[in-house]
Undergrad: 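Supplied in structure tokens, the structure appears directly below.
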Protein chains: 2
Amino acid sequence: MSTAGRGLHGHVLDTLGPEITAGEYPPGSVLRTDELAQRFDVSRSVMREAVRVLESMYLVESRRRVGVTVRPKSEWNVYDPQVIRWRLAGADRPRQLRSLTVLRSAIEPVAAGLAARHATSEQCAELTECALGMVAHSRGHKLEGYLLHDVAFHRVILEASGNEMFARLGDVVAEVLTGRTQHDVMFEDPDPAAVTLHVQVAEAVRAGDAGRAEELTREITVGALQELDILAP
Amino acid sequence: MSTAGRGLHGHVLDTLGPEITAGEYPPGSVLRTDELAQRFDVSRSVMREAVRVLESMYLVESRRRVGVTVRPKSEWNVYDPQVIRWRLAGADRPRQLRSLTVLRSAIEPVAAGLAARHATSEQCAELTECALGMVAHSRGHKLEGYLLHDVAFHRVILEASGNEMFARLGDVVAEVLTGRTQHDVMFEDPDPAAVTLHVQVAEAVRAGDAGRAEELTREITVGALQELDILAP
DNA sequence: CCGTCATGAATAAGTCTGACTTTTTGTCTC
DNA sequence: GAGACAAAAAGTCAGACTTATTCATGACGG
């Protein structure tokens, strides 16, 4: 689900956004609204709307008499789902994937611990269902079905943590897991140890054992880090 | 630094944004662009730009023939600095502060561990400087100076982690620490134990002892959680 | 002779207005 | 209930105008 279809300004963003996040314009570069409007064959009003959105993502800064200047990467709002998607689609996808995986390794164990305390019985049921689904699809090249349950599992954990900031990372985790399956590693069946860990996490959460849920989830995320050769020597 | 001054659309956002994030319009409420333009006495073009920004924050959704509908809170991009600021300024400030503190408790220990591995000697120097500054301002109602060094300390840690996602949370942490000092707790001098911990973290990072840096930082964040009565029974 | 401080013109964003298009939805009829 | 019609609101465009910012020019004073 991208910005496309959201009108002309969405179409402009779909090409200009990736260009900027890919670093095609060095920081400080100036873009002129009029020129951009010409380039994309849209009116200035539409172009201005697009610029406003880029501005709200801290990708650019619009100043009178000077133009639309591209901000340094360090100022970008890297938590914006749109920005994340653009960068994942671009050249520094590996780098982005590493950053996000490290983020996961920090967040998910804590979220699992909180989930063990706050999860409703419905959420516990969902969790075991997801874990069992992962088991069912763990052998025989059923990666698609496996991924589906894996994503759902982590989404439920983040939701059940009761923390809105964690909950909103569900999409990010989904993106990372999907990306891993489709492009990078994961040619054959998933690691059986990982599958077992998911089942155990579901159990720990249901049992309300926060410490165990946290520790088991930490093992899962350590596995994810190792897959990307992010070591801890 | 808010959106004000960034033109008329910024002014509109400064009032409309807080209203929406404060929950004044229940999810599903419809706002008409023309009416809003009248209310704020701006042209439709300006109002459209403001709506586009709100849309990019997932606060509203604009659909033809129906209007601008307010999205449910669960879909808001709660990592947008602007949204964070608006919510911290509004009624559910305490709730927001708790969410962010929990987030800190997940992120900062991991960041400190990474900092111990990746920090440059300049960053180590900054870190000890900050810690010493905290010590110097820890007695005699010098809360202002203390806060300044505290914020700087955590910023350096997040920066030194080498992870861009962590680094971008510097502003959030600053906001939380500032808010804590100004509004909520902290009437008298800071907890001496906390001060000591910061000094020890600086030492651990300089020594490259990741495990120790992580553990000490975890103690700091646990203290922050306890201040807000976020327990772990 | 050089640095600093007005003055002014050029420039690009910012704003407004009005007319028109397009999509969606609700209703009316068959 | 299916299809046609009409209304409503966002979407788009074009053009004229406003305003802030920057740069260059030149005057003044050191």
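The chains referred to below are lettered A, B, ... by the order of the sequence lines, with proteins before strands, and numbering in each begins at 1. All values derive from a computational prediction rather than experimental measurement.
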Undergrad: Send over the distance from B:Met47 CE to C:dT17 C1', rounded to a whole Å.
TA: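 In whole Å, C:dT17 C1' and B:Met47 CE are 17 Å from each other.
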Undergrad: Fit a plane to each ring of B:Tyr79 and A:Tyr79, take the angle between them on a 0 to 90° scale, and name the class: parallel (under 30°), tilted (30 to 60°) or perpendicular (over 60°).
TA: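 The arrangement is parallel - the two ring planes meet at less than 30°.
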Undergrad: First and last nucleotide of DNA chain D touching chain A, 5' to 3', heavy-atom cut-off 4.0 Å?
TA: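 Contact span on the strand: D:dT12 to D:dT22.
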Undergrad: Determine, for A:Glu55 against A:Arg52, whether the closest basic-nitrogen to carboxylate-oxygen distance falls under 4.0 angstrom.
TA: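 Looking at A:Glu55 and A:Arg52, the cut-off is met.
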Undergrad: For each nucleotide in nucleotides 6-15 of chain C, reading 5' to 3', give B when a protein heavy atom comes within less than 4.0 Å of its base, S when such contact involves only the sugar-phosphate, and - otherwise.
TA: ----BBSBBB
Undergrad: With rounding to the nearest 0.5 Å, note down the distance linking CG in B:Leu177 to OH in B:Tyr146.
TA: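 Atom-to-atom, B:Leu177:CG and B:Tyr146:OH are 9.0 Å apart.
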Undergrad: Quick one: do A:Glu164 and B:Arg87 make a salt bridge, cutoff under 4.0 Å?
TA: yes
Undergrad: Can you confirm whether B:Glu175 is buried at CD, in the sense that more than 12 heavy atoms of other residues, nucleotides or ligands lie under 6.0 Å from that atom?
TA: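 Atom CD in B:Glu175 is packed in, count exceeds 12.
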Undergrad: Is it true that, when you exclude B:Glu19 itself, more than 12 heavy atoms of the residues, nucleotides or ligands shown sit nearer than 6.0 Å to its CD?
TA: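 Enclosed.
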Undergrad: Return the CZ to OG distance between B:Arg44 and A:Ser45, rounded to the nearest 0.5 Å.
TA: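 The distance works out to 10.0 Å.
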Undergrad: Using side chain to side chain contact (heavy atoms under 4.5 Å, CB included) as the criterion, list what pairs up with B:Ala174, not counting sequence neighbours.
TA: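 Side chain to side chain contact (heavy atoms under 4.5 Å, CB included) check on B:Ala174 returns B:Val151, B:Arg155.
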